[in-house]
Amino acid sequence: MTTRRPLRVLMPRGLSRIAGQSGIGAAIRHQEQIVRSLGHEVVTSPLRPFDVMHLNTPFPDTLLLSWWARLRRRPVLMWAHSTEEDFRDSFTGANRIAPLFRRWIALLYRRGDAVITPTDYSRSLVSQPKYGIRRRIHVLSNGVDTSYFRPDPSARDRLRTSLGLPADTRVVMSVGIQMVRKGILDWVEVARQMPGVTFVWYGRTDPRLITKDVAAAIASAPSNCLFPGYVSAEVLRDAYAGCDAFCFLTKEETEGIVLLEALACGAPVLLRDIPIYHDWLPDGEVTHMVPGDGPAFPAAVREKLGALLSGDLADLTAAGRAAAEDVDLGRVAERLAGIYRAEGVQRKG
């Protein structure tokens with residue numbers, strides 16, 4: 001009987017370091033974790049022997065690395081984290097170049113021997129003819145570590161102490177890069193309409209990339225808005241587990257790792273009702289949602305968020321935790337192993 005030797009999985013560092021504080025950065029860290037949990041070796045230098053290459057970022061070195069893999073006759077698994085839709089309303093000038101960005105990422109995705117994308121919704125986008133992908137497209141969640149992100153009643157006091165707030169303060173939080181697409185303009189306006197609640201936004205954007213409207217919104221935000229910036233996973237876990245609500249008003253996502261983390265920690269969740277979440281995390285069953293956009297949207301959020309904080313809406317935290325457990329990293333690892341088998345990935349030499 002022969003023992004199958006572990007794969008050498010190349011996950012090159014390169015320009016991916018730029019994405020370290022983004023959702024893609026978190027996805028790469030999750031991949032490293034699940035690859036190791038399967039008993040395989042993570043290789044970070046393309047100059048070392050490897051059996052399969054994982055590529056995740058839309059940066060120029062991704063194209064060069066895909067050529068290198070072809071030269072070495074090694075398969076490339078290309079992760080489709082980004083779409084034209086979620087690029088819009090992001091950084092300064094993004095909307096003008098969104099069609100060019102789509103053509104660029106489509107070129108990258110077509111370089112994969114297989115494409116992996118986190119949700120059925122994102123697969124429906126990248127499988128459109130304008131992307132021109134003819135390889136198999138697998139759906140594999142970025143996952144969440146539900147043993148780390150978990151409910152913790154003691155986090156409530158730690159969160160308020162860390163923020164210098166009284167113990168009885170109601171705290172509503174969100175997480176993400178500060179951009180229009182993430183809903184920060186509406187989020188700040190909701191905070192303005194709820195002065196008795198403290199709103200905390202974790203995450204930051206490079207000042208060189210932040211749009212003028214977002215910069216203005218942050219600068220003029222009311223005193224009940226706090227912006228601690230990018231924080232450690234431990235601080236973020238306490239925030240999820242200790243907040244009164246996770247208010248995620250994003251306008252477009254391919255998954256949303258921070259949402260999975262909030263659900264795993266048992267945070268009551270309020271979302272903008274957008275296509276990706278409508279059927280996956282339905283309103284009144286797994287999360288609470290507010291439909292719409294435009295000038296009336298913040299008032300609608302204020303009304304539903306007020307009902308959530310007052311206990312007038314159903315407690316869905318158990319259902320949220322179950323949804324997170326369905327994409328726990330252990331289950332995602334099993335599904336990745338299935339993709340390796342389906343694509344014939346094996347040890348070379």
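Small disclaimer: the values here were computed from a predicted structure and weren't measured.
Taking 4.0 Å as the cut-off between side-chain N and carboxylate O, Glu253 and Lys182 count as a salt-bridged pair. Contact check on Asp120 versus Arg123 returns a salt bridge, with a Lys/Arg side-chain nitrogen under 4.0 Å from an Asp/Glu carboxylate oxygen. Salt bridge Arg331/Glu334: absent, no basic N to carboxylate O contact under 4.0 Å. Remark: Arg136 does not engage Asp113 in a salt bridge, criterion side-chain N to carboxylate O under 4.0 Å. A salt bridge is defined here as a Lys NZ or Arg NE, NH1 or NH2 lying under 4.0 Å from an Asp or Glu carboxylate O, and Arg158 with Asp238 meets this definition. In this structure, Arg170 does not pair ionically with Asp244, as no charged nitrogen and carboxylate oxygen lie closer than 4.0 Å. Between Asp283 and Lys304, at least one side-chain N (NZ, or NE/NH1/NH2) sits under 4.0 Å from a carboxylate O, which counts as a salt bridge. Ion pair Asp152/Arg237 not flagged as a salt bridge, since none of the NZ, NE, NH1 or NH2 atoms sits closer than 4.0 Å to an Asp/Glu carboxylate oxygen. Between Arg48 and Glu41 there is a salt bridge, since at least one side-chain N of the basic residue sits less than 4.0 Å from a carboxylate O of the acidic one.
A distance of 12.5 Å separates OG1 of Thr44 from CZ of Phe50, quoted to the nearest 0.5 Å. Separation of atoms CG (Leu336) and OG (Ser141) is listed at 12.0 Å; rounding is to 0.5 Å. Rounding to the nearest 0.5 Å gives a distance of 9.5 Å between CH2 of Trp280 and CG of Asp326. Going from atom CZ of Arg73 over to atom CG of Leu71 covers 9.0 Å, rounded to the nearest 0.5 Å. To the nearest 0.5 Å, the span separating CZ on Arg134 from OG on Ser127 amounts to 13.0 Å. Taking CD1 of Ile257 as the reference point, atom NE2 of His30 lies at 5.5 Å (rounded to 0.5 Å).
Looking at every heavy atom in both residues, Val115 comes nearest to Ala80 through CG1-CB, 3.8 Å. Here the shortest heavy-atom pairing between Arg135 and Gly112 reads CG-O, 3.2 Å.
His288 contributes a side-chain N or O that, together with a main-chain N or O of Ala314, makes up a donor-acceptor pair within less than 3.5 Å. Checking side-chain atoms of Arg181 against main-chain N and O of Phe87 turns up no donor-acceptor pair under 3.5 Å. Judged purely by atom type and a 3.5 angstrom limit, Tyr277 uses its side chain to pair as donor or acceptor with the backbone of Glu255. Arg160 contributes a side-chain N or O that, together with a main-chain N or O of Arg156, makes up a donor-acceptor pair within less than 3.5 Å. The backbone N or O of Glu234 sits less than 3.5 Å from a side-chain atom of Tyr148, completing a donor-acceptor pair. Side-chain atoms of Arg272 come within 3.5 Å of backbone atoms of Leu249 as a donor-acceptor pair (strictly under, hydrogens ignored). A side-chain donor-acceptor contact under 3.5 Å links Arg321 to the backbone of Thr146. Side-chain N or O atoms of Ser310 include none that pairs as donor or acceptor with a backbone N or O of Asp312 at under 3.5 Å. Proximity of a side-chain donor or acceptor of Ser22 to a complementary backbone N or O of Ile24 within less than 3.5 Å is detected. The backbone N or O of Tyr131 lies less than 3.5 Å from a partner atom in the side chain of Arg110, making a donor-acceptor pair.
For Phe101 and Trp104, the gap between ring centers reaches or exceeds 6.0 Å.
In the model, Arg70 has no side-chain atom that pairs as donor or acceptor with a side-chain atom of Ser66 under 3.5 Å. The closest side-chain donor-acceptor pair between Thr254 and Ser122, if any, does not fall under 3.5 angstrom. Between the side chains of Asp51 and Gln346, no donor N or O sits under 3.5 Å from an acceptor N or O. Side-chain atoms of Thr62 and Thr57 include a donor-acceptor pair closer than 3.5 Å. If you check the side chains of Glu252 and Tyr121, you find a donor sitting under 3.5 Å from an acceptor. Thr198 and Asn224 share no donor-acceptor pair across their side chains, judged by distance under 3.5 Å alone.
Taking the six-membered ring for Trp and thresholds of 30 and 60 degrees, His81 and Trp79 have nearly parallel ring planes, at less than 30 degrees apart. Relative ring orientation between Trp187 and Trp201 is described as perpendicular, the plane-to-plane angle rising above 60° on a 0-90° scale split at 30° and 60°.
Within a 6.0 Å sphere centred on CD of Gln128, heavy atoms belonging to other residues, nucleotides or ligands number more than 12.
A heavy-atom distance below 4.5 Å is not found between the side chains of Val43 and Met11. With a 4.5 Å cut-off on side-chain heavy atoms, Met173 and Val175 count as touching. You'll find the side chain of Phe248 stays beyond 4.5 Å of the side chain of Thr287, heavy atoms only.
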